Amino acid sequence: MQKIKYLIMIGGTLILIGILLKVLSVTGPWAALCFSVGGTMKILYLILGVRSGLVKVGSEIVLLILGLALIFAAVYFRKTDQYMSLYVWFLSLGIIIKTLFVVLFIRKQKRFRKELALE
């Protein structure tokens, strides 16, 4: 578990670096590269964790998919003038739903690890 835990830590850090680069308006592909690699590492963590049985994923995965869909839609709306007003709403709602996913996921993992420790 410790080896794949680094995937989610580094992935989250890369996404935060990507956000920071975007806010600081750094030119070049660096922000997108950090987002892509960070997101891939987090997805890899989920896949490897589920395969090995160390991560238990349930219905909260729907929140992740919905949150990501809203964020991707917000990115699209930001580039079109007629839907610019929807950008803020979709982005905010997507971030809230993804945060809810993270909270539920962490709670479930803590409960799952306690069950494994009792067995």
Side-chain angles (χ1 to χ4, degrees):
M1 181 64 174
Q2 291 297 344
K3 289 183 180 180
I4 67 168
K5 193 180 252 188
Y6 288 114
L7 287 173
I8 198 155
M9 301 282 189
I10 295 171
T13 303
L14 283 172
I15 288 176
L16 288 175
I17 290 171
I19 291 170
L20 185 65
L21 291 174
K22 196 73 169 166
V23 168
L24 295 175
S25 301
V26 174
T27 57
W30 302 112
L33 186 65
C34 286
F35 281 126
S36 300
V37 173
T40 303
M41 291 178 88
K42 289 171 73 172
I43 290 170
L44 188 61
Y45 167 80
L46 281 175
I47 291 170
L48 292 175
V50 168
R51 276 191 176 174
S52 66
L54 296 173
V55 175
K56 186 175 182 182
V57 179
S59 59
E60 73 274 0
I61 200 78
V62 173
L63 293 174
L64 175 64
I65 294 168
L66 182 62
L68 286 173
L70 286 169
I71 290 172
F72 290 143
V75 169
Y76 171 75
F77 288 152
R78 183 177 182 199
K79 295 178 182 178
T80 58
D81 291 334
Q82 45 186 245
Y83 297 117
M84 189 62 172
S85 62
L86 291 176
Y87 163 73
V88 175
W89 290 101
F90 274 56
L91 184 64
S92 301
L93 191 58
I95 289 172
I96 290 168
I97 290 175
K98 279 192 65 179
T99 304
L100 182 61
F101 161 76
V102 169
V103 169
L104 292 175
F105 183 77
I106 290 172
R107 280 185 172 176
K108 189 172 203 172
Q109 295 312 308
K110 285 183 178 180
R111 221 175 315 128
F112 181 63
R113 287 194 190 111
K114 284 181 184 177
E115 290 174 7
L116 285 178
L118 293 175
E119 291 177 0

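Quantities reported herein were computed from a predicted structural model and do not represent experimental measurements.
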One pair to check against side chain to side chain contact (heavy atoms under 4.5 Å, CB included): Val62 and Phe101. What are the steps and the verdict?
CA-CA 8 Å; Val62 173; Phe101 161 76; over 6 Å; no

Quick one: pull up [atom1] in [X] and [atom2] in [Y] and give me the separation to the nearest 0.5 Å.
{"X": "Ile106", "Y": "Gln109", "atom1": "CD1", "atom2": "CD", "value": "9.0 Å"}
{"X": "Leu93", "Y": "Leu86", "atom1": "CG", "atom2": "CG", "value": "11.5 Å"}
{"X": "Thr99", "Y": "Leu63", "atom1": "OG1", "atom2": "CG", "value": "11.0 Å"}
{"X": "Thr13", "Y": "Leu20", "atom1": "OG1", "atom2": "CG", "value": "12.0 Å"}
{"X": "Ile15", "Y": "Thr40", "atom1": "CD1", "atom2": "OG1", "value": "9.0 Å"}
{"X": "Leu24", "Y": "Trp30", "atom1": "CG", "atom2": "CH2", "value": "15.5 Å"}

Geometric class of the Phe90/Phe77 ring pair [parallel <30°, tilted 30-60°, perpendicular >60°]:
perpendicular

Are [X] and [Y] linked, directly or through other ILVMFWY residues, by side chains that come within less than 4.5 angstrom of each other?
{"X": "Leu33", "Y": "Leu21", "result": "yes"}
{"X": "Val26", "Y": "Phe35", "result": "no"}
{"X": "Val75", "Y": "Leu70", "result": "no"}
{"X": "Met41", "Y": "Val50", "result": "yes"}
{"X": "Leu100", "Y": "Val102", "result": "yes"}

Nearest heavy-atom contact between Tyr45 and Ile4 is CD1-O, 3.0 Å

On a heavy-atom basis, which atom in Gly18 and which in Ala31 lie closest, and how many Å separate them?
O-CB, 3.7 Å

By the definition side-chain contact (heavy atoms from CB on, under 4.5 Å), identify the one residue from Ile10, Ile8, Leu14, Val37 that meets it with Lys42.
Ile8

Counterpart residues, side chain to side chain contact (heavy atoms under 4.5 Å, CB included), relative to Ile71 (two or more places apart):
Leu91, Ile95, Lys98

If we only count heavy atoms from C-beta on, is the Leu64 to Glu60 side-chain gap below 4.5 Å?
no

Min side-chain heavy-atom separation Ile61-Phe105 under 4.5 Å:
no

